[in-house]
Amino acid sequence: MDNQAMPIASTSSYTKIQHLQRQAASLLLYQSVLQGEVGMAFLELLQAIRYTDADARGCLQAYGSYFHALAAKNQNWEDYLITQLLFSENPFTKLAQVREFEDLPPALVAAVRHDLQILQSLYECSSASLSEWIQGVAHMPISPVVWYKEQELVGGETKFPTYLQELDNWGDAVEELAAYYQQCGSGLFAEYRALRWQAGQFIGIRYSDPIKLSALVGYESQKDALLKNTEFLLSGEMALHVLLYGSRGSGKSSLVKSLLNEYSNRNLRLLEVAKSDLKDLPKIVEHLRGVSQKFIIFVDDLSFEEDDDAFKALKVVLEGNLTARPQNVVVYATSNRRHLIREFFVDRPTPKDNDEIHAWDTMQEKLSFSDRFGLTLTFEPADQKTYLKIVHHLAAQAEINITQEDLEFQALQWATRHNGRSGRTARQFIDFLKADLRLFATNNNTSNT
């Protein structure tokens, strides 16, 4: 095919591309929408094809980078743009979570209306249109492959994204967008259900533990107490900080993590904070104040050394200070130690001349630190009856089909040879048995064939 038969990008196309660039540069609040890998690749592609004498090779490379970025995200350009819009964190999205729409500054509302109209123009610049422009600029016989996948619901169960796509003018959606942020939040807290605090910042956890409450059996009274306290948190009441204390493998951590899968549709978020980062706890709590989600700060395997800065920071959060405690945050901590601060015999007061005058008071403050949690749930070691009850429950969920006698015999043998009777041991046994039975069935079918 000669060049005359190939599509040539028109002057109007270049004018439109340059207009899109000016619009993108004029965003007032939603600049973050275009600051990710896909957004930057989109802007670089516009820059590559904006002139009539654009370099064909450079245009093709820019289009390849744009295609690759979309494929890596596994999203269409349109879906990506709306996702970034909904998760964006800026002065409007933050203020909309804590104020009614009528109380928002008029200039802020006007800026959002301005930005929404620009984002609508960028949304309408489809990958198919860009592919056709590349075909014209590069004088190609056919247009490059267009990245496409079926559109998905963006933003959870809310109908807002669908509403936005059906509007002729996105600028009319400011009030509905504010209501969305008030309900669902923004930024990382809207995008992720589970997060961790690491190196002074929040990090989203894309694949959180899938453990479900229904998979946990035993310790029913402790489970009920924790669920009730979590319901207080979700309903806006003042929930208690909770210490889950007891033997290893009893399911303390699994119970806390299962709350996320039980209540995430009610705006619950689980924030993991390592003991080494507890010194940042007061700062973390202030970050979470006023956010629309409810937060469980999860501290696993808690214990302290003497004069530990983490101890002092946690004490401030548990006991409070002049700053009012936010009602959307509680601390759930697990520990194998009833007394969270390690005590040595040398720490006990002795009648020496250099003793602290009120040494017993100091020691009692250390030993009673766990009492500062409003609710302490104790998990005793599993007896044989409880252990076998857990095994039977997990075996039924895993659809393991062996006799009750055989199951119990193997389960007790496993506990004896491994880590003793506990929920964790039961889970490990069932996982092993399930894999073993599947492998046996596969090998048996292969030999029969």
Side-chain angles (χ1 to χ4, degrees), residues 23-36 39 78-124 151-193 195 202 204 233-238 263-269 271 285-295 323-329:
Q23 285 188 305
S26 67
L27 287 169
L28 299 172
L29 294 171
Y30 283 89
Q31 298 95 332
S32 62
V33 170
L34 299 176
Q35 288 174 354
E78 294 84 356
D79 291 336
Y80 174 81
L81 194 75
I82 289 183
T83 300
Q84 296 305 302
L85 166 66
L86 297 182
F87 294 154
S88 176
E89 197 160 54
N90 59 58
F92 173 73
T93 65
K94 292 179 179 178
L95 209 55
Q97 295 180 58
V98 295
R99 288 194 193 178
E100 295 303 320
F101 182 74
E102 310 81 58
D103 300 328
L104 295 174
L108 202 62
V109 173
V112 175
R113 184 173 292 110
H114 166 271
D115 281 8
L116 286 176
Q117 291 169 338
I118 289 175
L119 293 172
Q120 183 176 11
S121 298
L122 300 178
Y123 176 91
E124 292 169 350
Q151 286 194 313
E152 299 174 346
L153 179 65
V154 182
E157 298 184 7
T158 175
K159 295 180 180 178
F160 175 77
T162 305
Y163 167 83
L164 187 64
Q165 293 164 16
E166 293 172 351
L167 276 181
D168 292 331
N169 180 8
W170 286 15
D172 296 334
V174 181
E175 187 170 357
E176 288 76 11
L177 186 58
Y180 173 86
Y181 291 130
Q182 192 171 68
Q183 176 188 348
C184 301
S186 64
L188 284 174
F189 302 142
E191 187 173 0
Y192 295 98
R193 303 184 312 157
L195 305 98
F202 296 104
L233 172 69
L234 296 174
S235 61
E237 301 295 332
M238 187 61 79
Y263 294 116
S264 62
N265 62 339
R266 293 176 58 184
N267 257 358
L268 181 67
R269 299 292 181 265
L271 174 62
V285 170
E286 285 308 306
H287 271 300
L288 304 180
R289 184 186 300 276
V291 175
S292 61
Q293 289 87 359
K294 314 293 185 181
F295 291 87
T323 305
R325 171 191 159 188
Q327 285 189 238
N328 66 326
V329 180

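Hydrogens, waters and symmetry mates are skipped; everything else that's a heavy atom, side chains included, is used.
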If you round to the nearest 0.5 Å, how far is CG of Leu233 from CZ of Phe295? 10.0 Å
Run the side chain to side chain contact (heavy atoms under 4.5 Å, CB included) check on Gln23 and Gln117 step by step: do they pass? CA-CA 9 Å; Gln23 285 188 305; Gln117 291 169 338; over 6 Å; no
Measure across Pro105 and Arg99 and return the closest heavy-atom pair with its distance rounded to 0.1 Å. CD-NH1, 4.1 Å
Nearest heavy-atom contact between Gln35 and Gln31 is CG-O, 3.3 Å
For Leu188 and Gly204, work out which heavy atoms get closest and say how close. CD2-N, 4.5 Å
For the pair Thr93 and Ser88, evaluate side-chain hydrogen bond (donor to acceptor under 3.5 Å, both in side chains) and give the outcome as yes or no after the intermediate values. CA-CA 7 Å; Thr93 65; Ser88 176; 5.6 Å; no
Trace of the side chain to side chain contact (heavy atoms under 4.5 Å, CB included) decision for Phe92 with Asp115: CA-CA 11 Å; Phe92 173 73; Asp115 281 8; over 6 Å; no
Any donor-acceptor pair under 3.5 Å from Ser292 side chain to Gly185 backbone: yes
Identify the two heavy atoms, one from Ala173 and one from Leu167, that lie closest to each other, and give their separation to 0.1 Å. CB-CD1, 3.6 Å
Would you find a donor on one side and an acceptor on the other, under 3.5 Å apart, between the side chain of Glu191 and the backbone of Phe87? no
Measure the CD-CG distance between Gln293 and Asn267 for me, rounded to the nearest 0.5 Å. 5.0 Å
When rounded to the nearest 0.5 angstrom, what distance separates CZ in Phe202 from NE2 in His287? 5.5 Å
Say you draw a straight line from CD of Gln97 to OH of Tyr181; how long is it, rounded to the nearest 0.5 Å? 9.5 Å
Asp168, Asn169, Val174 screened by side chain to side chain contact (heavy atoms under 4.5 Å, CB included) with Asp172, the one that passes: Asn169
Distance, nearest 0.5 Å, that separates CZ of Arg113 from CD of Glu175: 10.0 Å
Residues Leu86, Leu177; criterion side chain to side chain contact (heavy atoms under 4.5 Å, CB included); working and verdict: CA-CA 8 Å; Leu86 297 182; Leu177 186 58; 4.2 Å; yes
May I ask you to test the Pro91-Leu108 pair for a side-chain heavy-atom distance under 4.5 Å? yes
All heavy atoms of Arg193 vs all of Ser264, minimum pair found to be NH1-OG, 2.9 Å
Residue pair Leu271 / Leu288, side-chain heavy-atom distance below 4.5 Å: yes
Criterion side chain to side chain contact (heavy atoms under 4.5 Å, CB included) on Leu34 and Leu122, from CA distance to verdict: CA-CA 10 Å; Leu34 299 176; Leu122 300 178; 3.9 Å; yes
Are the side chain of Arg269 and the backbone N or O of Phe189 linked by a donor-acceptor pair below 3.5 Å? yes
Quick one: does Arg266's side chain get under 4.5 Å of Lys294's, heavy atoms only? no
Here the gap from Tyr123 atom OH to Gln165 atom CD, rounded to the nearest 0.5 Å, amounts to 4.0 Å
Which heavy atom of Ile118 sits nearest a heavy atom of Ala24, and at what distance? CG2-N, 4.3 Å
